[in-house]
Participant: 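I'd like to ask some things about the structure below.
Naming convention: chains lettered A, B, ... in sequence-line order (proteins, then strands); numbering from 1 in each chain. Heavy-atom basis, side chains included; hydrogens, waters and symmetry copies ignored.
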Number of protein chains: 2
Amino acid sequence: MANVSPGTVDRVIHNRGKVSDKAMAKVSVILEEIQYKPNVFAQSLKKQTSLRMAALVPYHSSDGFWSKAYEGIQKAFVDFEHLGVSIEIEEFNNKDVNDFVKKARTILAENPNGLLITPVFLKESLEVLKEFENSEIPFVTFNTFIPELSSKSAIGQDLKQSGRLAASLIDQCRSDISNVLVIHLGENPGNAPHMMEKESGFREYFKESNPSIRIQSIEIPQTDQETINRILNKWSGDLRSVSGAYVTTAGAHHVAFTIKSRFEDSLVIGYDLIEENINGLKAGTIDFLINQNPFQSAYEGVSKLVDLLVFDKEVDKRMLMPLDIVNKENAAAYLNK
Amino acid sequence: MANVSPGTVDRVIHNRGKVSDKAMAKVSVILEEIQYKPNVFAQSLKKQTSLRMAALVPYHSSDGFWSKAYEGIQKAFVDFEHLGVSIEIEEFNNKDVNDFVKKARTILAENPNGLLITPVFLKESLEVLKEFENSEIPFVTFNTFIPELSSKSAIGQDLKQSGRLAASLIDQCRSDISNVLVIHLGENPGNAPHMMEKESGFREYFKESNPSIRIQSIEIPQTDQETINRILNKWSGDLRSVSGAYVTTAGAHHVAFTIKSRFEDSLVIGYDLIEENINGLKAGTIDFLINQNPFQSAYEGVSKLVDLLVFDKEVDKRMLMPLDIVNKENAAAYLNK
DNA sequence: AATAAAAATGTGTTCGAACACAATCGTATT
DNA sequence: AATACGATTGTGTTCGAACACATTTTTATT
């Protein structure tokens, strides 16, 4: 159409230079006119995109949450395999900073085309992902959100809002609330910023709705029944009526029964659709779970990488996963996802 | 590898015949051995898949629900455009059976490669979709589920479970329940099986949990304030304490304020994240909404067709969308989806 | 004006699959 | 043994983009 050779058009499209201004203008105009869109099939065929992606996540055996995430990645692998994409999953011990860094370096050495990662350790993630950036390996994060990172996309939930949501459920389900509990179970909240964010949202809600409500934080570092009893005993005398208990981790099932028997009228809210928690829902010891969608998040993470690397599409910098409220009547529909 | 020409291999792969048993065996074994998978890019490039899909949905101007579905289809169109897929959306008046049939025939005449459809009218859908089947045009349904249809995939919710969910929320949020209401608003439940299914689930739940609770169904055919007041007046005298009102359509916002002022302690549950309902959540006149995910469902519908037609993938016959519980604290996360 | 160097443009091949068409092979018939 | 004809096998082109390499045009220098 512009009376130039395909080579010239090619140079215009890819800005490879060595094109006269005249030709450049002529071709550009026509490209715009005909709304030229490259044929992705031809592109991929030529480029022989055999994309190798890597994923760095905690051991899937560590708990139900990470095993769901693992499944999500594997599902994505199956779904995208036919696009010539391969995914190597590297796992690390999420209690061990050094292991995280070590595994990250292992991946870096293999120079993959893209990375999906859960940057659980703030400082080390910044360090390590800087190296990926230098190697021009794009990465997508999920689960933990670190604003300073230059990830192509960050997938996860608004944790503060998650705390607000828990508070609102207690507010909706109980009247005349005087005491509520926040229970940090199994981890040290000082090292886990996500717990603090959740608590802050939880407190914020009640501060707005009814500032006279007493909110008490209880830290239970271990999940064995003895420790749980010992620590809750310390509080029991002090508390008469507790309207709600908000467990900020996936360990609600460890404390639910104890809480329900000590504070009969309390609403118990926890996180994550792991088997033990589902059983709690069914038994009535847990009233609501908030679903963090590890499966979906992980799947989306891979999906974003595919969009980015295979289809060269723009992806959203931040993807907020919904905060699913789950009780015993709608749990099933979330489980097979 | 088999010492035969590409042509022969091609004939084996596509079972085009004209291949000696010997060559057939030799090639087949090797294909199996090397786990031959066709390159989808090369295939698509050659086949010049310019797939035309059609969608048949109610007018997007009819309400917020269908406008969301419309958006979902359009989003899918944008996302899959680069795969050479085009989607023509045909809309019909969902109060008019004849219009439905007419528009369906219009689509059939254009002989698209695939169809996404909401089979709102049972009998006519069976008829019309039989014709599509005869023309070997695969179709995917969403929103309404008709088991008799031979759709490649049916996307939607478990409506009975949806009713159970609404009941369970009232159960969790209110104690000493004596009266609850089911409100069918704006449509004749006799013609709308989905309303009946919802009610049946709702009743089932309370029958199990507390059979002494009185459940009353109220039909309000029009959504104007006068009709609403008139019909509710008839009931008001009869009812002292109402613990919950379950509106089975997207019209909760029409009655929420009236209900809340007449039955102070009642929990109002409705459907769908349309703007008016969101405002109800914020104002506190509506306590919970159950999200039917029109956007997501429609998007998934197109996505299934793409899997089917572009990538030749197997798709699930039935895809159950989750039953999202929405209150004012988690509405935002669902809105931008 | 001749020549060299730089700039611009054009050509041809490749990716893997699909398919039309051409070329062989094998067997039966005379 | 020559011929015919069906059965089988091989060849060459196409899809659209990417890129190496060849060719032509322009500009600068003497």
Side-chain angles (χ1 to χ4, degrees), chain A residues 1-52 80-86 113 136 306-314, chain B residues 1-52 79-86 113 136 306-313:
Chain A
M1 295 170 75
N3 278 324
V4 296
S5 70
T8 301
V9 176
D10 183 66
R11 278 180 285 266
V12 171
I13 289 171
H14 295 94
N15 245 317
R16 271 200 253 280
K18 313 202 168 189
V19 177
S20 66
D21 294 351
K22 212 175 70 189
M24 183 69 152
K26 214 167 20 167
V27 173
S28 299
V29 166
I30 289 175
L31 285 178
E32 178 60 32
E33 227 164 59
I34 63 171
Q35 286 278 312
Y36 170 81
K37 296 257 171 61
N39 179 321
V40 277
F41 298 122
Q43 273 183 324
S44 303
L45 176 60
K46 186 78 241 303
K47 282 199 281 196
Q48 282 308 298
T49 23
S50 129
L51 288 171
R52 288 176 305 108
F80 299 130
E81 197 182 4
H82 66 135
L83 298 178
V85 173
S86 69
N113 301 96
E136 293 195 336
V306 168
D307 279 351
L308 211 63
L309 298 173
V310 179
F311 297 116
D312 210 23
K313 282 207 295 189
E314 289 278 316
Chain B
M1 294 169 76
N3 279 322
V4 295
S5 71
T8 301
V9 176
D10 184 65
R11 279 180 285 267
V12 171
I13 288 171
H14 294 94
N15 247 317
R16 271 199 251 281
K18 313 202 167 186
V19 177
S20 66
D21 295 351
K22 212 176 71 188
M24 183 69 152
K26 213 166 22 166
V27 173
S28 298
V29 166
I30 289 175
L31 284 178
E32 179 59 33
E33 227 165 58
I34 63 171
Q35 285 276 314
Y36 171 79
K37 296 256 172 59
N39 179 320
V40 276
F41 298 122
Q43 275 184 322
S44 302
L45 175 60
K46 186 79 237 310
K47 282 199 283 198
Q48 281 309 301
T49 24
S50 128
L51 288 171
R52 288 175 305 107
D79 281 5
F80 300 129
E81 197 181 5
H82 67 133
L83 298 178
V85 173
S86 70
N113 301 95
E136 296 196 333
V306 169
D307 278 352
L308 212 62
L309 299 172
V310 180
F311 296 117
D312 209 24
K313 282 207 294 188

Participant: What does the list of N/O pairs under 3.5 Å between the protein and nucleotides 14-18 of chain D look like, with a distance for each?
Facilitator:
| unit_1 | atom_1 | unit_2 | atom_2 | d |
| --- | --- | --- | --- | --- |
| D:dC15 | O3' | B:Gln48 | NE2 | 3.2 |
| D:dG16 | N2 | A:Ala42 | O | 3.4 |
| D:dA17 | OP1 | A:Tyr36 | OH | 2.8 |
| D:dA17 | OP1 | A:Asn39 | N | 3.1 |
| D:dA18 | OP1 | A:His14 | NE2 | 3.3 |
| D:dA18 | OP1 | A:Gln43 | NE2 | 3.0 |
| D:dA18 | OP2 | A:His14 | NE2 | 2.9 |

Participant: Think A:Thr8 has a side-chain N or O under 4.0 angstrom from the OP1 or OP2 of C:dT9?
Facilitator: no
Participant: Starting from C1' on C:dA5, measure out to NZ on A:Lys18 and report it in whole angstrom.
Facilitator: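 In whole Å, C:dA5 C1' and A:Lys18 NZ are 13 Å from each other.
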Participant: Please enumerate all residues that pass side chain to side chain contact (heavy atoms under 4.5 Å, CB included) together with B:Glu32, with sequence neighbours excluded.
Facilitator: B:Gln35
Participant: Kindly compute the distance separating CE (A:Met24) from OG1 (A:Thr8), expressed to the nearest 0.5 Å.
Facilitator: 11.5 Å
Participant: Indicate every side-chain donor-acceptor pair of residues 12-20 of chain A with a distance under 3.5 Å to a residue at least two apart or in another chain.
Facilitator:
| unit_1 | atom_1 | unit_2 | atom_2 | d |
| --- | --- | --- | --- | --- |
| A:His14 | ND1 | A:Asp10 | O | 3.1 |
| A:His14 | ND1 | A:Asp10 | OD1 | 3.3 |
| A:Arg16 | NH2 | A:Asp10 | OD2 | 3.0 |
| A:Ser20 | OG | A:Ala23 | N | 3.2 |

Participant: Looking at A:Ala2 and A:Lys26, what are the two nearest heavy atoms and their distance?
Facilitator: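 In this case the closest contact between A:Ala2 and A:Lys26 is O-NZ, 3.3 Å.
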Participant: Rounded to the nearest 0.5 Å, what separation is found between the CG atom of A:Asn39 and the NZ atom of A:Lys37?
Facilitator: 12.5 Å
Participant: Give me the atom names and distance for the closest heavy-atom approach of B:Met1 to B:Ile34.
Facilitator: CE-CG2, 3.7 Å
Participant: Polar atom pairs between nucleotides 20-25 of chain D and protein, under 3.5 Å, N or O only, would you list them?
Facilitator:
none

Participant: Of the residues in residues 19-27 of chain B, which ones touch DNA chain D at a heavy-atom distance under 4.0 Å?
Facilitator: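 B:Val19, B:Ser20, B:Ala23, in order of number.
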Participant: Mind grabbing the angle between the end helix axes of the helix from C:dA1-D:dT30 to C:dT30-D:dA1? Five pairs an end, 10° rounding.
Facilitator: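 Here the local axes at opposite ends form an angle of 70°.
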Participant: Rounded to the nearest 0.5 Å, what separates atom CG in A:Leu309 from atom CZ in A:Arg52?
Facilitator: 11.5 Å
Participant: What distance do B:Lys46 atom NZ and A:Phe41 atom CZ have between them, rounded to the nearest 0.5 Å?
Facilitator: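 So the NZ of B:Lys46 and the CZ of A:Phe41 are separated by 14.5 Å.
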